[in-house]
Protein chains: 2
Amino acid sequence: MAISLVIFEDNHPLRQSLEVLLNDGVHFQVTGAFGECTLASDQVQLLKPDLVLMDINMPGLSGIEGLKNIKQTSPETKIIMYTVLEDDNVIFDCMCAGADGYLLKNTPPAKIIQALEEAVNGGAPMSPGVAAKVLAFFRNSLPGNNYNLTKREAEILQHLVNGLSYKMIADASFISVDTVKKHLKNIYAKLHVSCGTEAVAKAIREKIVNF
Amino acid sequence: MAISLVIFEDNHPLRQSLEVLLNDGVHFQVTGAFGECTLASDQVQLLKPDLVLMDINMPGLSGIEGLKNIKQTSPETKIIMYTVLEDDNVIFDCMCAGADGYLLKNTPPAKIIQALEEAVNGGAPMSPGVAAKVLAFFRNSLPGNNYNLTKREAEILQHLVNGLSYKMIADASFISVDTVKKHLKNIYAKLHVSCGTEAVAKAIREKIVNF
DNA sequence: TACAATTTCACCCTATCGGGTAATTGTGCA
DNA sequence: TGCACAATTACCCGATAGGGTGAAATTGTA
């Protein structure tokens, strides 16, 4: 059975090219093609396509907003972002908003078809450079860990991040409150912060503690 | 010029199959193939391959440990994980440890060749299901945002996360310290926490604030 | 064994935090 | 018009946080 498809792309010639390419009646069937995504969620809810191909840079509502709106009303519909943009923040926003794939517009037609089929089969097609950027988000997740914190200091900091007060940390670590205070003073100095909330934020940001 | 390649795979027949497949002398040249990765970082440092194909489930040192060791001494070498495991935690660990791709062992030979070439060209080849799991990590990254925080409360909380004291928040927001105090009291109640550090940790954990 | 680093504890002191209570505005909604 | 709620300010008060200073006990290691 053919995969039903809706296209959002403001560029007329490109939109028509995509229709011609994808509306082969065998693998795919394009049931809608729009130049802007202001009403995207309604249109998708009505047409119930298996797949949506969504441009990002469009007049009016951005494709990312369209993505969010569609996912709210039709979370089961697969949405592939299709754009020239290879900006880290844009990619990140799309992924967080629930995109099921991210194809650059320089993708050759054969690859597009392959990617769309992959998407409906539970995959997450991404252009090579995009996939690399996605992995990069993880990589920066545990490189430069410590600020020369001792084992004990790391423990105390972990407790602080977990929301414990000085007194609670003291009880949990079987030491006096004064010792906790002393440790935290040293920790604050090592992290170059001046209070607990700042330390917690920095500890989490820089993956100094388990989170 | 051929892409030089080192293989870590404990299964003899599979390792030989991979060598036969990849050691075509044109696209690829297999310069090493080992049954375990205890000495992986030394071997890679010596052979300086463009690419490493790394099994995960091996006797002795795990492929993930091998990955970490190699990345420490030869960070520029691309490493593709090659395994039957499709476990979320394993995938997550590999990505954080710096893997440049993740292929399942059911990948057809033609796709493997395609993937390896993609990897050396700055891509990040992943089997469809794996890519989907990777994106899933992001999806759960900012869905349930608010605890019915008002706009002002969100601002105050953001400042707290940024490490500002009550007084500094007051100055930054052009309101009195008492108002800040009042807001934070309400915020703590809404977040079900009892102090600033706890609020910061929760706000970051649950993506309530920009980070 | 001697040295250094770490961990521990104590005391003092002030600013800040955080809860309680109460009151005044402005806005949107019924 | 009246109500609910957000946002604002104020005051009181006790507990906590965090800095300064000093020193003993523990650990690891040369």
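Residue numbers start from 1 in every chain, and the chains themselves are labelled A, B, ... in the order their sequence lines are given, proteins ahead of strands.
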Query raised in the report: Hey, does B/K167 reach any base, or is it just sugar-phosphate, or nothing, if we go heavy atoms under 4.0 Å?
Result: sugar-phosphate
Query raised in the report: Judged by atom type as modelled, is there a donor-acceptor pair below 3.5 Å linking the side chain of A/S127 to the main-chain atoms of A/V130?
Result: no
Query raised in the report: Is the number of heavy atoms from other residues, nucleotides or ligands within 6.0 Å of NZ (A/K105) greater than 12?
Result: yes
**Report entry** C/dT7 OP1/OP2 closer than 4.0 Å to side-chain N/O of A/H183
**Finding:** no
Requested in this report: Indicate, with a heavy-atom threshold strictly under 4.0 Å, whether A/T150 touches base, sugar-phosphate, or nothing.
Outcome: sugar-phosphate
Query raised in the report: Which whole-number value in Å describes the distance from B/N148 CG to D/dA6 C1'?
Result: 13 Å
Query raised in the report: Roughly, in whole Å, what's the span from CG in B/N186 to C1' in D/dT8?
Result: 12 Å
Query raised in the report: Taking it one step at a time, do B/R15 and B/D55 satisfy salt bridge (charged side-chain N to carboxylate O under 4.0 Å, His left out)?
Result: CA-CA 10 Å; B/R15 187 164 76 244; B/D55 185 24; over 6 Å; no
Query raised in the report: When you match A/L184 and B/S173 each to their closest nucleotide on DNA chain D, which lands nearer the 5' end?
Result: B/S173
Query raised in the report: Side-chain donor or acceptor of A/K185 under 3.5 Å from a matching atom on the base of D/dG18?
Result: no
Report task. Scan B/S176 against the nucleic acid and name what it touches under 4.0 Å (heavy atoms): base, sugar-phosphate only, or nothing. Result -> sugar-phosphate
Requested in this report: Measure across B/F8 and B/C37 and return the closest heavy-atom pair with its distance rounded to 0.1 Å.
Outcome: CD2-CB, 3.8 Å
